[in-house]
Peer 1: 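My structure is below; once you've seen it, I'll send some questions.
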Amino acid sequence: ENRIFLSIAKAMAYHQPSGCISSRVALPPLYYSAGVRGGMTIEQIKELVTSKDYDFLRTDPHLGDRIMFLTLGGSYSYGTNVETSDIDIRGCAMNNASEIVGLSNFEQFVETTTDTTIYAFNKLIPLLLNCNPNTIEMLGCRPEHYIYMTDAGREFINNRNMFLSKRALHSFGGYAN
């Protein structure tokens, strides 16, 4: 397990985005509304993320080139979306050096208008180790549901089995009552 964490750390140290959350795609006005609902294809959702409603992905200092991966959450990720479903975006961003040594703090970024939540890497690891239902689902999405992925993000997702344990019984068990 230490080898895998070192591999992820190495990938993070030499972080070179394999894709770009570009704003070059011009979308029809219908898709500029943050209230876009179900019935969209994966390709349309990927284009939506490049719209002005999602500019925070490119401009927030904790996000931008620090994003490791973005994926679908909620009904779209489960395949249960209907025409009235909203689009939930989830992801992980690397911490910067100041955050790692404790000089500043970043745990997560939440943008409610677009239903986007991006966790800091250092916040996400303990949540995943405890099989937190809101985070563990990000590791099990279909490959086409990952909207953006860096090499470090791919290494992280490829080693998702490190986070699956009997703790899931307790963390998910509370939802059964």
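Values below: every heavy atom of this structure, side chains too, minus hydrogens, waters and symmetry copies. Because the structure is a prediction, the values reported are computed rather than measured.
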Peer 1: Calculate, to the nearest 0.5 Å, the distance between atoms CG and OG1 belonging to L57 and T116 respectively.
Peer 2: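 Here the interatomic distance stands at 6.0 Å.
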Peer 1: State which residues pass side chain to side chain contact (heavy atoms under 4.5 Å, CB included) with T112; sequence neighbours excluded, sorted by chain then number.
Peer 2: V110
Peer 1: When you compare the side chain of S104 with that of N96, does any pair of heavy atoms fall below 4.5 Å?
Peer 2: yes
Peer 1: Are Y119 and N134 packed together at the side-chain level, in the sense that at least one heavy-atom pair is separated by less than 4.5 angstrom?
Peer 2: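 A side-chain contact exists here, since the closest heavy-atom pair is under 4.5 Å.
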Peer 1: With sequence neighbours excluded, tell me which residues meet side chain to side chain contact (heavy atoms under 4.5 Å, CB included) with K46.
Peer 2: I42, I147
Peer 1: Restricting to non-hydrogen atoms, name the atom on M149 and the atom on G153 that form the minimum distance, rounded to 0.1 Å.
Peer 2: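 Of all heavy-atom pairs spanning M149 and G153, the closest is SD-C, 3.3 Å.
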Peer 1: Once rounded to the nearest 0.5 Å, what's the spacing between atom CG of N132 and atom CD1 of I136?
Peer 2: 8.5 Å
Peer 1: Using modelled atom types only, decide if a donor and an acceptor are shared between the side chain of Y76 and the backbone of M40 within a distance under 3.5 Å.
Peer 2: yes
Peer 1: If every non-hydrogen atom of D115 is compared with every non-hydrogen atom of I87, which pair is closest and at what distance?
Peer 2: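 Smallest interatomic distance, heavy atoms only, reads CB-O, 3.5 Å.
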Peer 1: State the CZ-CG distance between R90 and L72, to the nearest 0.5 angstrom.
Peer 2: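 Separation between the atoms: 10.0 Å.
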Peer 1: Rounded to the nearest 0.5 Å, what's the gap from CZ on F109 to CG on L63? Could you check?
Peer 2: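 CG of L63 is found 5.5 Å from CZ of F109.
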Peer 1: Hey, are the side chains of I125 and F156 touching, using non-hydrogen atoms and a 4.5 Å cut-off?
Peer 2: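 They are in side-chain contact.
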Peer 1: Counting only heavy atoms from other residues, nucleotides and ligands, does the tally under 6.0 Å from CZ of R160 exceed 12?
Peer 2: yes
Peer 1: Do the side chains of D151 and R154 get close enough for a salt bridge, i.e. N-O under 4.0 angstrom?
Peer 2: yes
Peer 1: Is E99 close to N122 at the side-chain level, that is, under 4.5 Å between some pair of heavy atoms?
Peer 2: no
Peer 1: Answer whether the closest heavy-atom distance between the side chains of M138 and F69 falls below 4.5 Å.
Peer 2: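 Answer yes - side chains close enough.
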Peer 1: Quick one, T135 with F163, criterion side-chain contact (heavy atoms from CB on, under 4.5 Å). Give me CA distance, side-chain angles, the key distance, then yes/no.
Peer 2: CA-CA 11 Å; T135 60; F163 302 103; over 6 Å; no
Peer 1: Out of curiosity, S85 OG to Y78 OH, how far, rounded to the nearest 0.5 Å?
Peer 2: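 It comes to 12.0 Å.
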Peer 1: Quick check, are the ring centers of H62 and F106 under 6.0 angstrom apart?
Peer 2: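 Yes - the distance between ring centres of H62 and F106 falls below the 6.0 Å cut-off.
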Peer 1: Is there side-chain contact between T114 and F56, with heavy atoms separated by less than 4.5 Å?
Peer 2: yes
Peer 1: Do Y148 and V49 come close enough that some side-chain heavy atom pair is under 4.5 Å?
Peer 2: no
Peer 1: In Å, rounded to the nearest 0.5 Å, how long is the span from OG1 of T41 to CG of L48?
Peer 2: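 One gets 10.5 Å once the value is rounded to the nearest 0.5 Å.
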Peer 1: What are the two closest heavy atoms between N159 and E155, and how far apart are they?
Peer 2: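 Closest pair (atom of N159, atom of E155, distance): ND2-O, 2.7 Å.
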Peer 1: For A120 versus C92, what's the shortest heavy-atom pair and its separation?
Peer 2: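 For A120 and C92, the tightest heavy-atom pair comes out as C-SG, 4.5 Å.
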Peer 1: With sequence neighbours left out, write down each residue that passes ring pair (Phe, Tyr, Trp, His ring centres under 6.0 Å) with Y146, or none if nothing qualifies.
Peer 2: none
